[in-house]
Protein chains: 2
Amino acid sequence: MQMDERKRKILRAIVQDYIATAEPIGSRTIARKFDLGVSSATIRNEMADLEDLGFIEQPYTSAGRIPSDAGYRYFVDCLMDPQVLNPEDMEIIERESTKRINELQEVIAHTSKLLSELTNLTSLVLGPHKGKSTFGKMHFLPYQPGQVIMVIVKENGVVENHIIDVGENLTAEELQQVAGVFNQKMRGYSIGQVKRSMLHEIYSELSRQRLLIDNALDMLRAILDDNEEEERIHLGGTLNMLNQPEFKDLSKVKTLFKVFEENESLKKVLTPRQEGLNVTIGGENTLKEFRDCSIISATYKVNGLMIGAVGVLGPTRMDYAKVIAIVDFMTRSLTEVLTKRRR
Amino acid sequence: MQMDERKRKILRAIVQDYIATAEPIGSRTIARKFDLGVSSATIRNEMADLEDLGFIEQPYTSAGRIPSDAGYRYFVDCLMDPQVLNPEDMEIIERESTKRINELQEVIAHTSKLLSELTNLTSLVLGPHKGKSTFGKMHFLPYQPGQVIMVIVKENGVVENHIIDVGENLTAEELQQVAGVFNQKMRGYSIGQVKRSMLHEIYSELSRQRLLIDNALDMLRAILDDNEEEERIHLGGTLNMLNQPEFKDLSKVKTLFKVFEENESLKKVLTPRQEGLNVTIGGENTLKEFRDCSIISATYKVNGLMIGAVGVLGPTRMDYAKVIAIVDFMTRSLTEVLTKRRR
DNA sequence: GTTAGCACTCTCCGTCGATGAGTGCTAACA
DNA sequence: TGTTAGCACTCATCGACGGAGAGTGCTAAC
């Protein structure tokens, strides 16, 4: 059996109506609502075919039909009119993105909030993933008696500062000497690559500043090693899920929110298969808790480099055309903002 | 009418049973479950009195009784056996708090998680509130051509770094000079207190480094001014609420979670009336969304100074004795950890 | 003051039937 | 051959009904 134009029209009608109403739709209603020029009986026959093709299904005998995952997929790939974002939303995004925001972390939080507000769905934003970072440069600054500020510049350009204890009696020259030795020996190495011999050298060159060195190394280990933390995913509008009729069942809400709490799965879900826009529908999801959901995600870039992704999670029954337009525009805008602002 | 010993015993039985089962309890069941040495009829009479006194109420005619807010209050104030935290939980808290955690922010997140896990309720942790911060000291460090790292030490001891643009051609001496002028003029001032005359002086002393100064001031403004952000409240175990039978109604969940999303109200709720432990029961809550909830909170200190609070939110029907023991022990432990570690 | 007994009240839960939306099938029609 | 009208059938939803069970308040006896 083949899809012909009439079948496509009917499938489109079913998907669109179900997206709008969340109710199963029957042949009679289609004939009434959509002007297809044929009677309900004809539509009934076509619907039986569409069901055989796997594009629609019945929740139970003699209820209306609803789109299956395959039906949504066909709709997204072949039937949907690509939609241009409506001007109001476009303006909102542009206005919001011109606000000056300093930290990348804040940009992400802000994006997430905006996205969930525009879509009335849950938004996911994945920040840049850092990977193992390597040591670039170190400075010491005076702080309090017995303590100094250690400023670490990593080779990826990230700067961090931490306060560490030193022996009470170190002079500025001594500090500079320690920094000098570190900078000379360790530049370009991650903490995992630091070898015994290297430490040995550092120790022997700087026998007096044992405490300082130990603390500095401790700190370096913490900074360079567990950058896992930073790669946090940001969620927005989780509550919007509660407004979807498909989640009026509390147990569903529970399993869904459970997933929201553990970042690991979310990261995996959002990590893009490929650059650009991705649509994952229902059962296509690897995560079984999301089998009733669809995810529309897209990657964003900084200076041409893909560094993260933003996405929207909603019930499979979502307004694909609109959400795709929003996510698409959003990532473009984000890319632009970040590229302009970042150094 | 007065409370006598028997009434107290009965009220205690009602509260304890209801805390455990979440079911209204009748006179017969009390007589069977608790060995009070009187018949159900007697208990019935006493229960009528307790209802007149406002300590218990009936959900509807001829259901059992449940404690009213006043009943819980009386229970907490007069009937409850103060409970020592059970050794396992105590050990968990002590073990967890010896883990080395660097940032205060992480300590808070960690505390929140632990607290919600131990109580199976929702935890709230309020970090130190910063107030307007004042400028302490500034350093510049070389970074890239045309950019330097500006390290700001605030007078409250917080250190931050930011990258700022400078004219391409500034020498180390010039940078030091700029820092020197800032340090001299601005120490102890918040950004709001910086007067025109002061800026004028800075500009006239350092006419050449206009760009650097402008950018540095911009950054200072951002750093010193909007510290509102930092005072974030941390929530843990919000999902636990879904397990409480009183929240099997989705609309209740919605209004509750709505509140969780807006920090402002939560801050107000958790901001302690007084030092030490606080129990707020049901309608005593200022927030109407929490009128079915109780909050047990306690303040913690650093070096003798009260800086924040941790709390637990649950349905009014909660195990007050146990939760109070946990919150109490937790804040003590937290105070100890922070006092030991902080400088 | 305490207790046993009893009539009464109210929720909860399962059953039942009416209703209505929707289907599949058949036969008639163009 | 494709389209349509008609019809019997299915199934979820909803309100009504009634029995079961838990609990109460009141009265009278101890």
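For A/R28 against C/dG22, no side-chain N or O and base N or O form a donor-acceptor pair under 3.5 Å. Applying the 3.5 Å distance criterion, the base of D/dG2 shares no donor-acceptor pair with the side chain of A/R44.
Ring pair B/F75/B/Y72: centre-to-centre distance not below 6.0 Å.
Atom-to-atom, CD1 of A/I43 to P of C/dA21 comes out at 17 Å; the value is rounded to the nearest Å. Atom NZ of B/K33 and atom C1' of D/dG23 are 15 Å apart (whole Å). What separates CD1 of A/I30 from C1' of C/dT23 is a distance of 13 Å, to the nearest Å.
Side-chain N or O atoms of A/R12 include one that pairs as donor or acceptor with a backbone N or O of A/L79 at under 3.5 Å.
Residues that satisfy the side-chain contact (heavy atoms from CB on, under 4.5 Å) test with B/R6, not counting sequence neighbours, are B/D4, B/I10, B/V38, B/T42, B/E46.
Each of B/R6 and A/S27 has a nearest nucleotide on DNA chain C; the 5'-most of these lies closest to B/R6.
Looking at heavy atoms from C-beta onward, A/N120 lies out of side-chain contact with A/N243 at the 4.5 angstrom threshold.
A salt bridge between A/E246 and A/K252 is absent, with no side-chain N of the basic residue lying under 4.0 Å from a carboxylate O of the acidic one.
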**OP:** Go ahead and write out DNA chain D as dot-bracket, 5' to 3': ( ) for pairs within the strand, [ ] for ones crossing earlier pairs, | when the partner sits on another strand, dots for unpaired; Watson-Crick or G-U wobble, both distances under 3.5 Å.
**Re:** ||||||||||||||||||||||||||||||

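Results of the salt bridge (charged side-chain N to carboxylate O under 4.0 Å, His left out) test with A/D49 over A/K7, A/R65, A/R8 single out A/K7 as the only residue that passes. Partner B/I324 forms a side-chain contact (heavy atoms from CB on, under 4.5 Å) with one of B/V312, B/L277, B/D319 and no other, that one being B/L277.
Remark: B/S39 is not in phosphate contact with C/dT2, judged by side-chain N or O atoms under 4.0 Å from OP1 or OP2.
No more than 12 heavy-atom neighbours from other residues, nucleotides or ligands sit within 6.0 angstrom of CG on A/D35.
Against DNA chain C, the stretch residues 46-68 of chain B makes heavy-atom approaches under 4.0 Å through B/Y60, B/T61, B/S62.
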